[in-house]
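Below: one structure, written as structure tokens.
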Amino acid sequence: MRALLAALLLLCLTAPGPVRARARVPSAPVAPRPKDNPFPAEVQRALDTLVRAELAKGPHAGLSVGVLHGGMRWVRGYGLRDLAHKLPATPRTTYRMASITKSFTAVAVLRLAREGKLDLDADIRSLVPEYPEKPWAITVRQLLGHLGGVPHYDGLDSAENTQHLDTAGALALFADKPLAAEPGTKFVYTTWGYNLLGAAVEKASGRGYGGYLRARVFGPAGMRHAALDDHRTRDKQHAVGYRLYKGQLVPSHFLDVSSRFAGGGTRASVEDLLAFGRAMLQHRLVPAETARMMQTSMSTREGQLTDYGMGFATYPLRGHYMVAHAGGQPETTSLLVMLPAEDVVIALASNLEGEAKRLRRVSTRILEALLEDGLVRRDAHLTDPVDAVVHEGLARLFTYGLSYHLWATRGPGALPEPGDVDEAFTQVSALLDRAIIAQDPQAALQRVRSAHQPREGSLLIHVGAHMAQTLEKTLGPEKLREYPARGPLAFFTDYLAACEQVPCPAPLRFSESLQNDARHFDEVWQRSLVPELRRIRLDEVTDPEALWPALEAATADTALHPDYVEEMLRVAGLLGKRGKREEQLRWLERTVALHPQSAQAREALARVQAPGTQEPLEAPTTAPRAMEGSPVPDDAGLTPRRTTERQD
């Protein structure tokens, strides 16, 4: 570590614009790391088991995992950080952070803004005059939320740099490129836009980007091993990067990330990420009002939420308010998840490229273990199109309402400005009216999926948050913790029961038909559950065939049941990898029969039935709904290569 600190880059300003230069610098003061208690032994075993189960499903190199919940901490390493030398991955192992760097940059920008050294609504050219004038002004605030219209990588020459670049060189890669959209009109994920912010940090602070991060972000947060990533200054604990090629792990190709310094150019350990997450939740890097701003989704000029705040993806997920960022580039895949209302931080880093889906699955399982009694989350599958629209409306009331209420009452958040509550409930009853939906289910579904947007008055957020507030007042705050595990139907039917106790005014009870729909759905859902699969996924069962009769019986003759598509396709994929084609085909046919509305299941079956094709280990998944995943795409960083795709 002493060698690393002695050789770190010092970033400084030189004319005509900000340029990063290398120099030896003293260590920045690092905040002491708080002492945490370990999780109970049974929780540690559960976390270790779920990580090992996921790694057992496919090839892997090294993976480091860290979890904070309240005053408890768990960190562990799995696999190898260096395959050739058989060196293990540990919590101390450093990895490229890739796009999580954007979160660090955002903190740097907002600290400078609070010090009065930078104006969020200033034209970026006032800070970085070397950036050419465009048809429209671009503000710092817009760049923080990927609303500035600055494009992303558009070819191998711009994405695959192998030379070390200073700030001027990094900006030159895209300075003359036209904007992808008028600022404020469209979410355009862009590492180049964050490089502009890095240059602004240098100009406003009077020091190099890396030096400012060390002194004002990494040091105060207690991130002992975080730094700009440079092959010349890495310590012995840094992970060697790999990619999967023809079923084998091969070394990653060389990439110098100085070209994406403020958008994807740092390295750190999961211990560092936990320290950063804790500092953010405790408001030690930025105060609560600034954290609220960073965690609030921005919106386009037309009132469309982007599910991205300032440096973080931010969105509701089954009643949790998620603040997160993912990263991926040659040598790495990384993920940071924070839940401000529940005081949870999850950090994951792998030295294998393209692991975004695996890291998301691990983070989901960790949340289930910590906050949801270990119960497996599953969406609902409905065969009737009208039922599907009504159920989606109930699900969105739940996830937006509960998550925003918890974020506003237990975290730094704030609810959108309220309107007429009675009128809002009346509008929701009309939105989910079966007769209206039946006229055009597809159009009705689109109306439901946009009803949380600012341009629609944040309807579902207002109504759902009022429901959560009523439940908390009537049943107590601890009751709210049950709903992420119990789901939207329990949330809705419990609210109806709570309205009998309060009592609620008539408009706040919803329409009678919607009440009946919710109670009917809840009854059918409870009957369709398989007890043996409450805490384990089908693809994690040693003998899934033995559970098929129970699963078939529970879901027979029902138009509503848990969605098992992904799990069943993974079972089929594993069978295919073992050469058991008949069993694979049988499971695919079962998947289609159980989920007749799933295009994903039908496509997987067709691929295996077609001559000369082979089902992969994991079938491609459909794009997640906005409320179910980060807006940062898995392939956000790079253009396709011959053998793989990568993300920054």
Side-chain angles (χ1 to χ4, degrees), residues 33-40 42-48 50-51 54 64-76 91 100 103 221-223 268-286 288 291-292 294-295 309 311-326 334-349 359-377 399 402-413 468 477-478 480-486 627-630:
R33 186 164 288 161
K35 292 188 180 296
D36 295 295
N37 296 318
F39 282 96
E42 63 272 18
V43 176
Q44 295 188 52
R45 286 193 296 270
L47 296 175
D48 180 65
L50 69 88
V51 174
E54 181 58 48
S64 297
V65 184
V67 182
L68 291 176
H69 184 205
M72 294 181 290
R73 181 172 182 267
W74 180 77
V75 291
R76 189 148 304 175
I100 294 179
S103 301
M223 302 169 68
S269 67
V270 296
E271 292 178 327
D272 293 326
L273 281 182
L274 290 182
F276 177 74
R278 185 202 297 275
M280 287 299 299
L281 295 188
Q282 293 180 348
H283 312 309
R284 289 190 283 108
L285 289 175
V286 295
R292 178 188 309 121
M294 298 182 75
Q295 296 172 16
F312 292 102
T314 179
Y315 52 92
L317 179 67
R318 292 181 175 90
H320 300 297
Y321 197 90
M322 309 287 288
V323 179
H325 217 297
S334 57
L335 179 64
L336 173 66
V337 175
M338 299 184 294
L339 280 71
E342 290 93 342
D343 195 17
V344 170
V345 182
I346 300 171
L348 300 142
L359 297 196
R360 284 202 305 270
R361 284 195 299 266
V362 171
S363 69
T364 297
R365 296 308 307 273
I366 290 173
L367 290 181
E368 291 170 352
L370 292 183
L371 303 178
E372 301 177 10
D373 195 29
L375 297 173
V376 173
R377 301 172 172 181
T399 197
L402 181 59
S403 63
Y404 271 80
H405 172 75
L406 292 175
W407 180 55
T409 57
R410 282 115 167 121
E478 289 302 315
L480 292 186
R481 300 180 185 275
E482 299 179 5
Y483 294 115
R486 295 178 61 202
M627 71 174 185
E628 293 179 344
S630 164

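Scanning both residues, L402 and G319, for their nearest heavy atoms gives CG-O, 3.8 Å. In this structure, M223 and A275 approach most closely via the heavy-atom pair CG-CB, 4.3 Å. Across L50 and V362, no two heavy atoms sit closer than the pair CD1-O, 4.1 Å. Nearest heavy-atom pair, Q295 versus V323, reported as atom, atom and distance to 0.1 Å: CG-CG2, 3.8 Å. Of all heavy-atom pairs spanning D272 and G222, the tightest one is OD1-O, 4.4 Å. For the residue pair M280 and L285, the shortest heavy atom distance occurs at SD-CD1, 4.0 Å.
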In sequence, state the C-alpha distance, the side-chain angles, and the governing distance for V67 and F39, and then conclude on side-chain contact (heavy atoms from CB on, under 4.5 Å). CA-CA 10 Å; V67 182; F39 282 96; 4.0 Å; yes

What verdict does the side-chain contact (heavy atoms from CB on, under 4.5 Å) test give for L339 and L371, after you've listed the backbone C-alpha separation in whole Å, the side-chain angles of each residue and the deciding distance to 0.1 Å? CA-CA 11 Å; L339 280 71; L371 303 178; 3.7 Å; yes

Show the numbers, then the answer: is there a side-chain contact (heavy atoms from CB on, under 4.5 Å) between E271 and R73? CA-CA 10 Å; E271 292 178 327; R73 181 172 182 267; 3.3 Å; yes

Under the criterion side-chain contact (heavy atoms from CB on, under 4.5 Å), I'd like the reasoning laid out for R76 against V51: C-alpha separation, chi angles, the key distance, then a yes or no. CA-CA 10 Å; R76 189 148 304 175; V51 174; over 6 Å; no

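Other residues, nucleotides and ligands contribute more than 12 heavy atoms inside 6.0 Å of the CZ atom of R410.
No option in V75, L281, D36 other than D36 meets the side-chain contact (heavy atoms from CB on, under 4.5 Å) test with L68.
Counting heavy atoms from C-beta outward, S64 and S269 have side chains that stay 4.5 Å or more apart. Put simply, the side chain of L370 does not reach to within 4.5 Å of the side chain of E342, judged on heavy atoms.
Considering CG of L406 and CZ of R481, their distance stands at 8.5 Å, rounded to 0.5 Å. Remark: Y315 OH to M322 CE distance equals 4.5 Å, nearest 0.5 Å. Distance check: L273 CG to M338 CE gives 10.0 Å after rounding to the nearest 0.5 Å. Summarising the geometry, atom CG belonging to L47 is positioned 10.5 Å from atom CD belonging to E42; distances are rounded to the nearest 0.5 Å. One distance of note links CG of L348 with CD1 of I100; it measures 9.0 Å at 0.5 Å rounding. Considering CD1 of I346 and CD1 of I366, their distance stands at 5.0 Å, rounded to 0.5 Å.
Between R377 and E372 there is a salt bridge, since a side-chain N of the basic residue sits under 4.0 Å from a carboxylate O of the acidic one. Between E368 and R318 there is no salt bridge, since none of the side-chain N atoms of the basic residue sits less than 4.0 Å from a carboxylate O of the acidic one.
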